[in-house]
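Data first, discussion second: the structure below is written as structure tokens.
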Amino acid sequence: MVDVVVAGAGPTGLAAACGLIASGCTVRIVDSAPAPATTSRANGLQARGVEILDRLGATGDLRSSGLPVRTVAAYVNRRLVGTLRVGEPTRLVRQPGVLTSQALVEGALRDRLGELGGKVEWATAVEGIGPDDSGVDVRTSAGETIRAGWLVGCDGAHSTVRKLTGVGFPGVPLVESFLLADVRADLPLPHETVHVWLHEDRMIGAFPLPDGVWRLMGPGSGDAPDAALAAAFTELSGLPIRLTDTVWSSTFRIQRRLADTYRTGRVLLAGDAAHIHSPLGGQGMNTGLGDADNLAWKLGLVVAGRAGIGLLDTYQAERRPIAETVLSATTAQARLVIGDGPVTRLVRDRLFAPLLDLPLTRRIITDATSQLRISYRRGPLANGSWRRRGQRPGDRVADLPCRTRDGALTTLRQLLDYRWVLVVPADPAGQRCAAQVADRLGDIMVVTPERGRLAMLVRPDGHIGWRGRPERIGRWLDGLAHGQV
Ligand SMILES: Cc1cc2nc3c(=O)[nH]c(=O)nc-3n(C[C@H](O)[C@H](O)[C@H](O)COP(=O)(O)OP(=O)(O)OC[C@H]3O[C@@H](n4cnc5c(N)ncnc54)[C@H](O)[C@@H]3O)c2cc1C
């Protein structure tokens, strides 16, 4: 018997497994693939994704090895019309995201999983499930039936777990055929710029990847995506291209789909198994990491008997609206970039592309794509706090100076490591509050605010759980245990 089986060792499954082990669960993580993927789909960690890996202790050297991409250049009819500066901080995004490959992100997460004592069981597909009131029998292609308390399906867009539980995945295709090729090529272009050429209802993007590889992407069809994209590249950009090596190529359909529910009894869904959308906004991997971040500590509390199953319903209540927003935004973005209709093309070419030069546009795009604005204020654990001003339960916690128990001065965000953090004054009421929280939630970190008498409990996923007077925390802890405060 194991507490949790995680199906799928992509970014979502690996982050979930790390978070679950950090929360005290026993975990088996299985993947149908024979070995880790060496090719990459996502080529960027948003600021939120970096924060999640930081808290899980899984950032490794991703930051220092990230690509130094500084600009996105947009060309309309071969003419440069707008240049967006990327990777620069804003007031919200102090530490911008990292351009890197999904394969490297997965590698860093696997390293962390190993440090935590876990390991991926490759060539082991989930093929059948038998859920009941107390657990799930998980049948694998290795001929084993694993008895688990819970099954988390992180097995991607074609999720077997989702299909076996009969959960609907309604949605629509956005682009019938989209081509991708990661190539080594002689290109007369700087490797620290993303280039996008737009011409009527056609587009092609050239994205720098590590090791001098370029990713070519655009709508189209054909058996040889690399050759088709090279031809489209020359036609739309007017530049020569000579392919020397194709690392990976693929043809796929861009769709938007959202699972009807994220939990069916003891089976949960996360990542692409629960939502898929256009890759153009660079949000998919980051949204999956966010799901794992939100789910792991909740499942940890339930497995430890510190919360009732009702807490798990807050996972869907908090995360599904986020996926809905991401789906809408990435759909609008895909339609704009691809030039879906004459009016959209006019807006794209005459309005949107030239505006990329403006600092305001840069700030809006950097902030929106960072995922740092995500808040669970309207969720069941925030007690209607969205009506009030300032930092409230549900919000991503802002940084603040504080002192650790040994008196060292630091800042709160530097301390976050997938544990609960209680910020309370070092007085008897604060000490009683700390004892109460430790009794209910287990391993917590206690710090004191450097200024004022702030009392606040920060969840392992870096969002404010509770804020108020230390003697009043009991009611919130009772509510947390039932998933409604
Ligand atoms: C071209 C492209 C570009 C993209 N660019 C970006 C980007 O820039 N930024 C971004 O954030 N996102 C991007 N995405 C999206 C991103 O790649 C996905 O959202 C991300 O991979 C989802 O991670 P996941 O772990 O949920 O699923 P996956 O990465 O699909 O992992 C699922 C895992 O489950 C395994 N599996 C499947 N079936 C079973 C089974 N029955 N049993 C056990 N294991 C199973 C698979 O082998 C796989 O390892 C892009 C996607 C594409 C296609």
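Counting starts at 1 for both ligands and their atoms, in listed order.
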Taking atom 27 (O) of ligand 1 as the reference point, the nearest protein heavy atom with its distance: Gly156 CA, 3.8 Å

N/O donor-acceptor pair under 3.5 Å between Thr234 side chain and Leu239 backbone: yes

Distance-only check: which donor-acceptor pairs under 3.5 Å involve side-chain atoms of residues 6-27, not counting sequence neighbours?
from: Ser23; atom 1: OG; to: Gly19; atom 2: O; distance (Å): 2.7
from: Thr26; atom 1: OG1; to: Asp3; atom 2: N; distance (Å): 2.9
from: Thr26; atom 1: OG1; to: Asp3; atom 2: OD2; distance (Å): 3.2

N-O pairing of Arg63 and Asp54 below 4.0 Å: yes

Partner of Asp340 under salt bridge (charged side-chain N to carboxylate O under 4.0 Å, His left out), chosen from Arg348, Arg345, Arg335: Arg335

Nitrogen or oxygen atoms of Val126 and ligand 1 under 3.5 Å apart: yes

For atom 29 (O) of ligand 1, the protein heavy atom that lies nearest, with its residue and separation: Arg41 NH2, 2.5 Å

For atom 11 (O) of ligand 1, closest protein heavy-atom neighbour: Met285 N, 2.7 Å

Note: Arg184-Asp245 ion pair, threshold 4.0 Å (strictly below): yes

Atom indices of ligand 1, in the order listed, that fall short of 4.0 Å to a heavy atom of Phe252: 1 (C)

NZ or CZ of Arg263 within 45° of Tyr315 ring axis and under 6.0 Å: no

Closest approach of any protein heavy atom to atom 1 (C) of ligand 1, naming residue and atom: Leu180 CD1, 3.0 Å

For Asp272, salt bridge (charged side-chain N to carboxylate O under 4.0 Å, His left out) partners two or more places apart: none

Per-atom contacts of ligand 1 with Gly271, taking only distances under 4.0 Å to non-hydrogen atoms: 26 (O)

For atom 21 (O) of ligand 1, closest protein heavy-atom neighbour: Gln102 NE2, 2.8 Å

Atoms in ligand 1 flagged as close to Gln283, the criterion being non-hydrogen separation under 4.0 Å: 9 (N), 10 (C), 11 (O)

Ser101 side-chain N/O to Asn43 backbone N/O, donor-acceptor pair under 3.5 Å: no

Heavy-atom nearest option to atom 35 (C) of ligand 1, drawn from Leu164, Val30, Asp31: Asp31

Contact check: Ala7 vs ligand 1, nitrogen or oxygen atoms, below 3.5 angstrom: no

Sidechain N-carboxylate O distance under 4.0 Å for Glu51, Arg55: no

Residue part near ligand 1, for Thr160, under 4.0 Å between non-hydrogen atoms: side chain

Closest non-hydrogen atom pair between His191 and Val213, with its separation: NE2-O, 3.1 Å

Part of Asn43 within contact of ligand 1 (heavy atoms, under 4.0 Å): both

Backbone of Leu56 reached by a side-chain donor or acceptor of Arg112 within 3.5 Å: yes

Nearest protein heavy atom with distance in Å, relative to atom 25 (O) of ligand 1: Thr12 N, 3.0 Å

Identity of the nearest option to atom 44 (N) of ligand 1, non-hydrogen atoms only, from Ser32, Pro11, Ala42: Ser32

Nearest-contact summary for atom 31 (O) of ligand 1 - protein heavy atom, Å: Gly10 CA, 3.6 Å

Top protein contact for atom 2 (C) of ligand 1, by heavy-atom distance: Pro279 CB, 3.6 Å

Carboxylate-amine/guanidinium contact Asp260 Arg162, below 4.0 Å: no

From the candidates Ala274, Cys154, Gly8, the one that places a heavy atom nearest atom 32 (C) of ligand 1: Cys154

Sub-4.0 Å atoms of ligand 1 with respect to non-hydrogen atoms of Gly44: 8 (O), 9 (N)

Heavy-atom nearest neighbour of atom 19 (O) of ligand 1 within options Val120, Asp272, Thr287, Asp182: Asp272

